[in-house]
Visitor: 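Have a look at this one before I ask anything.
Every heavy atom of this structure was used, including side-chain atoms; hydrogens, water molecules and symmetry mates were not.
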Amino acid sequence: MSSKMKDTRERFSHITLSLHWLIAIFIIGLMALGVYMGETASYGLYPTHKSLGIFIFIFIVIRVLWRWKNGWPQPAGKHSGWEQALAKLIHWILILGTLAFPISGMLMSYAGGHGLQLFGLDLVSANLVDGKREVLNAALAGSANAVHKSLLPIMTAAILLHIAGALKHHVIDKDNTLKRMFGFKNNA
């Protein structure tokens, strides 16, 4: 990714804000739905979970390309080196995690012979032999499953740290970070 930094101390663009919040809401919702499905064996929800994951993946790719083109935003205030390093680490985990979640899910489904469907439309047909689903690549499906499941605690921690950081900026540092994430211009 580009190392350039965009001067966004005052306000983020509508595209940046829209992509951030759309992806945040979908990823958190899909994480919660995934936990629910796993705990209740609600197999009927899997097609919805997979379709929403494929759908949001399109916007995730757009966001990554947008971030690449525009660079990382500059901090809204002055912060110590360790705070800036931690913020950069959390942002990288979130960006890479939002990519890895749907990719691992799609690989798990495809390699497991389930195919890929988007709200009932076959993007890749299931691997059926004599009417029964057959696994295409058990090792790949297993590895993708392990990645998909291991992302849950990592992303949960990163999201909580991201929220805690935003609140720290607002309450303790009293800078413009949280305001610009909600699309407000700093009046100070």
Side-chain angles (χ1 to χ4, degrees), residues 1-35 38 49 52-108 143-188:
M1 290 209 174
S2 172
S3 63
K4 67 182 177 178
M5 293 184 66
K6 180 87 171 164
D7 190 0
T8 52
R9 293 176 201 259
E10 290 297 316
R11 178 185 281 168
F12 288 132
S13 72
H14 293 295
I15 294 172
T16 296
L17 289 171
S18 298
L19 289 170
H20 175 272
W21 289 109
L22 177 72
I23 292 166
I25 290 165
F26 267 84
I27 290 293
I28 292 168
L30 285 168
M31 288 169 59
L33 181 58
V35 169
H49 180 80
L52 291 172
I54 292 169
F55 172 77
I56 199 61
F57 182 66
I58 297 162
F59 293 96
I60 291 167
V61 170
I62 292 168
R63 182 168 189 242
V64 168
L65 295 172
W66 181 256
R67 180 63 54 230
W68 185 314
K69 177 184 178 278
N70 293 289
W72 294 97
Q74 289 186 0
K78 302 285 184 201
H79 305 289
S80 67
W82 73 267
E83 287 176 303
Q84 290 181 29
L86 180 59
K88 185 171 265 190
L89 174 66
I90 295 302
H91 284 111
W92 273 106
I93 290 170
L94 291 171
I95 267 271
L96 294 174
T98 58
L99 278 168
F101 252 141
I103 290 171
S104 62
M106 288 185 285
L107 281 173
M108 181 174 37
S143 295
N145 183 33
V147 167
H148 203 69
K149 286 182 177 178
S150 69
L151 283 168
L152 182 64
I154 294 167
M155 288 294 285
T156 300
I159 290 166
L160 291 173
L161 284 169
H162 186 62
I163 293 168
L167 291 172
K168 178 209 174 271
H169 282 288
H170 189 70
V171 174
I172 296 171
D173 301 336
K174 299 190 186 312
D175 65 26
N176 195 31
T177 300
L178 194 58
K179 287 180 184 177
R180 70 182 180 172
M181 282 314 309
F182 283 105
F184 301 117
K185 188 172 182 175
N186 187 13
N187 295 328

Visitor: What closest approach, in Å, do Leu99 and Phe57 show between heavy atoms, and which atom pair accounts for it?
Guide: CD2-CE1, 4.1 Å
Visitor: Please test Ile95 against Arg63 for side-chain contact (heavy atoms from CB on, under 4.5 Å), starting from the C-alpha separation and ending with a verdict.
Guide: CA-CA 9 Å; Ile95 267 271; Arg63 182 168 189 242; 3.8 Å; yes
Visitor: Please confirm whether Phe55 and Phe26 have ring centers closer than 6.0 angstrom.
Guide: yes
Visitor: Evaluate the side-chain proximity of Ile60 to Ile27: yes if any heavy-atom separation is below 4.5 Å, no if none is.
Guide: yes
Visitor: Applying side-chain contact (heavy atoms from CB on, under 4.5 Å) to Leu17 and Arg180, what does each step give before you reach the verdict?
Guide: CA-CA 9 Å; Leu17 289 171; Arg180 70 182 180 172; over 6 Å; no
Visitor: Can you give me the closest heavy-atom contact between Leu30 and His49, atom names plus distance?
Guide: O-CE1, 3.1 Å
Visitor: I need the Leu167 CG to Ile172 CD1 distance, nearest 0.5 Å.
Guide: 9.5 Å
Visitor: Where is the tightest heavy-atom contact between Met155 and Ile93, given as atom of each residue plus distance?
Guide: SD-O, 3.8 Å
Visitor: Please find the pair of heavy atoms, one from Leu94 and one from Ile159, that lie closest to each other, and give the distance.
Guide: CD2-CG1, 3.8 Å
Visitor: Compare every heavy atom of Phe59 with every heavy atom of Leu19, then report the nearest pair and how far apart it is.
Guide: CD2-O, 3.9 Å
Visitor: Nearest 0.5 Å please: distance from the CD1 atom of Ile23 over to the CD1 atom of Ile28.
Guide: 12.0 Å
Visitor: With rounding to the nearest 0.5 Å, note down the distance linking CD1 in Ile154 to NZ in Lys149.
Guide: 14.5 Å
Visitor: Once you measure the plane-to-plane angle for His91 and Trp72, does it fall in the parallel (<30°), tilted (30-60°) or perpendicular (>60°) bin?
Guide: tilted
Visitor: With a 3.5 Å distance limit and no angle check, can you tell me whether His169 reaches the backbone of Lys174 through a side-chain donor-acceptor pair?
Guide: no
Visitor: What closest approach, in Å, do Pro102 and Thr98 show between heavy atoms, and which atom pair accounts for it?
Guide: CD-O, 2.8 Å
